[in-house]
Trainee: 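Mind looking over this structure? Questions follow.
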Amino acid sequence: MHMKSVLSPVQPFHFQECLRFLNRNTDEPVWKVDGDRLLKLFTLGEKSVVGEISEEDGAVHIQFSDTLEEEELGLLTTYASEWLDMERDLQPFYDQMSACPLLGPIVPQYPGMRLIRMPDLFEAISWAILGQQINLTFAYRLKQRITQEWGASREYEGHILYAFPDPAVIAEMEPEVMRPMQVSQRKAEYIIGVAKEISSGNLSKQKLLSSENPVADMVAIRGVGKWTAEYVLMKCLGYTNGFPIQDVGLHNAIKKQLGMDRKPTYEEIEEYAKLWTGWEGYATFYLWRSLSS
DNA sequence: TGCCAGGGATTCT
DNA sequence: AGAATCCATGGC
C-alpha cells in the first residue's frame, strides 16, 4: 500500500520556482529534480522511504514509496512543508518591499517564490560550514562526496538517492578520515564537532527554536560564526529575519542591482536593510535569486 | 594566471 | 577592539 499526503500551500506559491532553485546544481546529493517532480530519500531510524513531491491543481502532493506509521507520515509532511516554506504568508513581505528601492523592482519578478529551507539541522550547519569561503560549485562537490561516502542510499526508478549522513556516524570520525573528500582539516574538525553536539543532544533544532538567543547559542560552537548562525536561522529554523550580512553573494547582488563599481560597505547594507526589518532573510534570498536571472 | 569564493579561528597590534 | 594571517582548494 502506498501512502500519500496532500498539502495546500499559502498562495501565492510557485512550485516551479522551487524546482528551479533546487535544481541549480546537479551535484546536489540529497534531493533530485526529475522533470516536474522532486525526489528525496528520508530516513526514519533504521528504515528509509522515498518521497515524490509534485504539484497538482495548485496543491502539493507527496507520494511515499512505503507504508508509514501515522506519526512518520506527519513528520515527513512537516518536513516537506518547511522545506518549501509553504505556510508563509508572503503578503506582508510584498507590502513592505514595495517601498524599498532595492527590493521593490526585484520581488515582483518572482511571484510566489519561497525561501527554500533546509529543515535538517545537521545538514544545514554542515552545508553552511562547507560553503564558508569557497565557491558554491566546489561546496556542492564536497557535500556530494561526504553524502555518498557516509549517507544512506536507496535506488528508486533508476536513480540512486542519498540521505545526508547521520550525525551519530560523523561524530565517531577523526578529521583525517574526512580529508580525502578534499574537505579542509579545519572544516572536518568543525563538522565532526557539530555532529558530536547534535548526537549528544546538546544541540537540537527544538532547543534553538525555544532559545531566547539562538544565534549566540550557535556562535558558541567552533566553526560557527555570525554568518553561519544567521544562515541557519533563516534556512533551517524558519526565522525570516535571519540575516547573513557578511554574505558575499548578498554583497554582489546589491552591487549588481545598483550598478555599483564596488561592493557596498556594511554601513550601506545596514541602511538598505532598515526597510527589510523582519524579512531580512527573504530579502537576502530574493537578492541571491536576482544574481542568476 | 591570479583572484576570489554564500567565513572563521587564531594571532598580532 | 580591531587588523592581519592562515586555512585549502577549485572555478572561472
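The shown structure was predicted, so the numbers you read here are calculated from the model rather than taken from an experiment. Letters A, B, ... mirror the listed sequences (proteins, then strands); counts begin at 1.
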Trainee: Out of dT10(B), dG7(B), dA8(C), which has the shortest distance to the side chain of Arg222(A)?
Mentor: dT10(B)
Trainee: From CE of Met181(A) over to P of dG10(C), roughly how many Å is that when rounded to an integer?
Mentor: 13 Å
Trainee: How close do Tyr266(A) and Ile245(A) get, heavy atom to heavy atom, and via which atoms?
Mentor: CE2-O, 3.5 Å
Trainee: Whole angstroms only, please: what is the CD-P distance between Glu189(A) and dC7(C)?
Mentor: 13 Å
Trainee: Please work out if Thr284(A) contacts a base, only the sugar-phosphate, or nothing of the nucleic acid, heavy-atom cut-off 4.0 Å.
Mentor: nothing
Trainee: Please check the phosphate of dA8(C) (OP1 and OP2 only) for any side-chain N or O of Gln185(A) closer than 4.0 Å.
Mentor: no
Trainee: Quick one, Phe285(A) with Leu250(A), criterion side-chain contact (heavy atoms from CB on, under 4.5 Å). Give me CA distance, side-chain angles, the key distance, then yes/no.
Mentor: CA-CA 8 Å; Phe285(A) 195 82; Leu250(A) 173 69; over 6 Å; no
Trainee: What integer number of Å spans the P atoms of dA8(C) and dT11(B)?
Mentor: 14 Å
Trainee: Hey, does Val224(A) reach any base, or is it just sugar-phosphate, or nothing, if we go heavy atoms under 4.0 Å?
Mentor: sugar-phosphate
Trainee: Take atom P in dC6(C) and the same atom in dC3(B), then report the distance between them in whole Å.
Mentor: 16 Å
Trainee: Would you check if the side chain of Asp34(A) reaches a backbone N or O of Arg37(A) as a donor-acceptor pair within less than 3.5 Å?
Mentor: no
Trainee: In whole Å, what is the span from the CG atom of Leu142(A) to the P atom of dA5(B)?
Mentor: 17 Å
Trainee: Distance alone, cut at 3.5 Å: any donor-acceptor contact between the side chains of Tyr156(A) and Glu52(A)?
Mentor: yes
Trainee: Please tell me which of the listed nucleotides, dG10(C), dG8(B), dA8(C), lies nearest to the side chain of Ile134(A)?
Mentor: dA8(C)
Trainee: Once you apply a heavy-atom cut-off of 4.0 Å, does Leu291(A) come out as touching a base, just sugar-phosphate, or nothing?
Mentor: nothing
Trainee: Rounded to whole angstrom units, what separation is found between the NE2 atom of His251(A) and the P atom of dG7(B)?
Mentor: 9 Å
Trainee: With a 4.0 Å limit, can you tell me whether Lys263(A) has a side-chain N or O closer than that to the phosphate oxygens OP1/OP2 of dA5(B)?
Mentor: yes
Trainee: Of Val219(A) and Asn252(A), whose closest DNA chain B nucleotide lies nearer the 5' terminus?
Mentor: Asn252(A)
Trainee: Please pick, from dA9(B), dG7(B), dA8(C), the nucleotide with the shortest atom-to-atom distance to any side-chain atom of Tyr190(A).
Mentor: dA9(B)
Trainee: Using a cut-off of 4.0 Å on non-hydrogen atoms, how would the nucleic acid contact of Lys226(A) be classed: base, sugar-phosphate, or nothing?
Mentor: sugar-phosphate
Trainee: Rounded off to whole Å, could you give me the CH2-to-C1' distance for the Trp227(A) and dG8(B) pair?
Mentor: 11 Å
Trainee: Expressed in angstrom and rounded to an integer, what is the separation of Arg179(A) atom CZ from dC7(C) atom P?
Mentor: 11 Å
Trainee: Can a donor-acceptor pair be found between the side chains of Trp288(A) and Asp247(A) at a distance below 3.5 Å?
Mentor: yes
Trainee: Rounding to a whole Å, what distance do you find between Leu130(A):CG and dC7(C):P?
Mentor: 19 Å
Trainee: Please state whether the rings of Trp127(A) and Tyr140(A) are parallel, tilted or perpendicular, taking 30° and 60° as the class boundaries.
Mentor: tilted
Trainee: How close or far is atom P of dG10(C) from atom CG of Asp27(A), stated in whole angstroms?
Mentor: 14 Å
Trainee: Tell me which of Asn135(A) and Arg186(A) sits closer to the 5' end of DNA chain C, going by the nucleotide each one is nearest to.
Mentor: Arg186(A)
Trainee: Of the options dG7(B), dA8(C), dC12(C), whose atoms approach the side-chain atoms of Thr137(A) most closely?
Mentor: dC12(C)
